[in-house]
Peer 1: 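First the structure, then my questions, so here it is.
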Amino acid sequence: MLHADPIHRSLLVSTRNAHKVEEIREILGSRFLISDLSGFPGFPEVEETGSTFHENAAIKALAASARFEGWVIADDSGLEVDALNGAPGVRSARFSGESATDASNRTLLLEKLLSVRGQARSARFRCVIALARDGKVLANFSGSVEGVIIPQEKGAGGFGYDSLFVPEGYCETFAQLGADIKNTLSHRARALSELKNWPHWDRP
Ligand code: ITT
């Protein structure tokens with residue numbers, strides 16, 4: 001007998017980053033109905049004052065959970081470059097200043113790595129997802145993917161630092177590999193795989 005794939009969960013993602021939302025929707029598939037803060041223009045900007053991905057994910061998840069019923073998730077993510085002692089890390093979105101863009105962040109990263117060669121350009125993307133409900137964080141899920149930063153941008157897909165990051169085992173950047181491949185091996189895919197397997201979804 002055929003069964004329709006039911007929608008089990010509605011999840012509000014505490015973000016206005018459309019790229020993240022698109023990836024989360026694609027990775028989680030039809031068992032989750034995803035919405036985000038773009039539908040709530042009055043929702044205030046949340047200041048990310050934490051010094052770790054875990055802290056910032058919790059801050060963003062709790063801000064939304066204080067105002068909305070139901071399941072809320074927040075994704076805090078970024079790039080850690082070994083030659084820069086883990087920078088930009090939690091400051092990935094604002095690496096080149098308060099009015100940073102993805103393009104200005106990539107330019108600054110390339111400048112800082114000008115004299116660094118080969119395997120010394122190692123880096124990883126990290127993602128921590130906080131799951132909240134009724135104003136409490138119930139769980140955290142994390143994922144990372146190792147790779148290297150190449151000396152010039154390649155590829156037009158993705159967002160953020162995707163056109164500079166070649167994941168381990170591949171010869172192309174996330175931007176060249178495209179969503180189908182990125183979403184099977186990325187930091188976000190790995191964190192969301194833990195979320196899908198969270199054993200307490202059916203708890204009342
Ligand atoms: P929200 O806080 O509203 O979710 P944000 O863009 O400010 O959106 P973060 O604070 O988590 O998100 O910063 C993440 C930054 O790290 C993001 O802006 C990118 O520059 C980078 N980043 C994270 N995941 C990435 C990915 O999959 N590909 C490329 N860059 C990524």
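Scope of the values below: all heavy atoms of this structure, side chains included, with no hydrogens, waters or symmetry mates. In listed order, ligands and their atoms are each counted from 1. For this chain, numbers begin at 1 and follow the sequence in order.
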Peer 1: Could you find the nearest protein heavy atom to atom 6 (O) of ligand 1 and give me its residue, atom name and distance?
Peer 2: N17 ND2, 2.9 Å
Peer 1: For ligand 1, is any non-hydrogen atom under 4.0 Å from F125's backbone (N, CA, C, O), its side chain (CB onward), both, or neither?
Peer 2: side chain
Peer 1: Does even one non-hydrogen atom of D76 get within less than 4.0 Å of ligand 1?
Peer 2: yes
Peer 1: So, does L79 sit close enough to ligand 1 that a heavy atom of it is under 4.0 Å from the ligand?
Peer 2: no
Peer 1: Is there a polar contact, in the sense of an N or O pair closer than 3.5 Å, between K60 and ligand 1?
Peer 2: yes
Peer 1: Assess R106 against Y161: is NZ or CZ under 6.0 Å from the centre of the six-membered ring, and within 45 degrees of the ring's axis?
Peer 2: no
Peer 1: Which residue and non-hydrogen atom of the protein lie closest to atom 18 (O) of ligand 1, and at what distance in Å?
Peer 2: A93 CB, 3.5 Å
Peer 1: Starting from atom 28 (N) of ligand 1, which protein heavy atom do you reach first, and at what distance in Å?
Peer 2: D162 OD1, 2.7 Å
Peer 1: Hey, can you tell me if H187 and F125 have their rings parallel, tilted or perpendicular (30° and 60° cut-offs)?
Peer 2: parallel
Peer 1: Would you say the side-chain atoms of R126 pair up with the backbone N or O of F53, donor to acceptor, closer than 3.5 Å?
Peer 2: no
Peer 1: Where is the nearest protein heavy atom to atom 23 (C) of ligand 1: which residue, which atom, and how far?
Peer 2: S77 OG, 3.2 Å
Peer 1: Consider every N or O of K20 and every N or O of ligand 1, then say whether any pair is closer than 3.5 Å.
Peer 2: yes
Peer 1: Going by atom types only, do S104 and T101 share a side-chain donor-acceptor pair under 3.5 Å?
Peer 2: yes
Peer 1: Please list, chain by chain and in numerical order, all residues satisfying salt bridge (charged side-chain N to carboxylate O under 4.0 Å, His left out) with E168, sequence neighbours excluded.
Peer 2: none
Peer 1: What residue and atom, counting heavy atoms only, is the protein's closest point to atom 1 (P) of ligand 1, and at what distance?
Peer 2: T15 OG1, 3.2 Å
Peer 1: Any side-chain donor-acceptor pair under 3.5 Å between N17 and T15?
Peer 2: no
Peer 1: For ligand 1, which atoms, with element, lie under 4.0 Å from some heavy atom of F159?
Peer 2: 24 (N), 25 (C), 26 (C), 27 (O), 28 (N), 29 (C), 30 (N), 31 (C)
Peer 1: Would you sort out whether E69 and R133 count as a salt bridge (charged side-chain N to carboxylate O under 4.0 Å, His left out), showing the intermediate values?
Peer 2: CA-CA 7 Å; E69 281 182 5; R133 193 169 175 132; over 6 Å; no
Peer 1: With a cut-off of 4.0 Å, which atoms of ligand 1 are near a heavy atom of H187?
Peer 2: 24 (N), 25 (C), 26 (C), 27 (O)
Peer 1: By side chain to side chain donor-acceptor pair (under 3.5 Å), which residues pair with S142, not counting sequence neighbours?
Peer 2: none
Peer 1: So among L164, V145, V166, N183, which one has a side-chain contact (heavy atoms from CB on, under 4.5 Å) with F174?
Peer 2: V145
Peer 1: Got the closest protein heavy atom to atom 30 (N) of ligand 1, with its distance?
Peer 2: Y161 N, 3.2 Å
Peer 1: Considering only non-hydrogen protein atoms, determine which one is nearest to atom 24 (N) of ligand 1 and report residue, atom name and distance to 0.1 Å.
Peer 2: R188 NH2, 3.0 Å
Peer 1: Considering only non-hydrogen protein atoms, determine which one is nearest to atom 27 (O) of ligand 1 and report residue, atom name and distance to 0.1 Å.
Peer 2: K182 NZ, 2.7 Å
Peer 1: For E22, does the CD atom have more than 12 heavy-atom neighbours from other residues, nucleotides or ligands under 6.0 Å away?
Peer 2: no
Peer 1: S186: heavy atom below 4.0 Å from ligand 1, yes or no?
Peer 2: no
Peer 1: Sub-3.5 Å donor-acceptor pair from the side chain of W201 to the main-chain atoms of L195, do we have one?
Peer 2: yes
Peer 1: Quick test of your reading of the structure: of E48, H19, R16, whose heavy atom lies closest to atom 10 (O) of ligand 1?
Peer 2: E48
Peer 1: Output the list of atoms in ligand 1 that are nearer than 4.0 Å to some heavy atom of D75, sorted by atom number.
Peer 2: 4 (O), 11 (O)
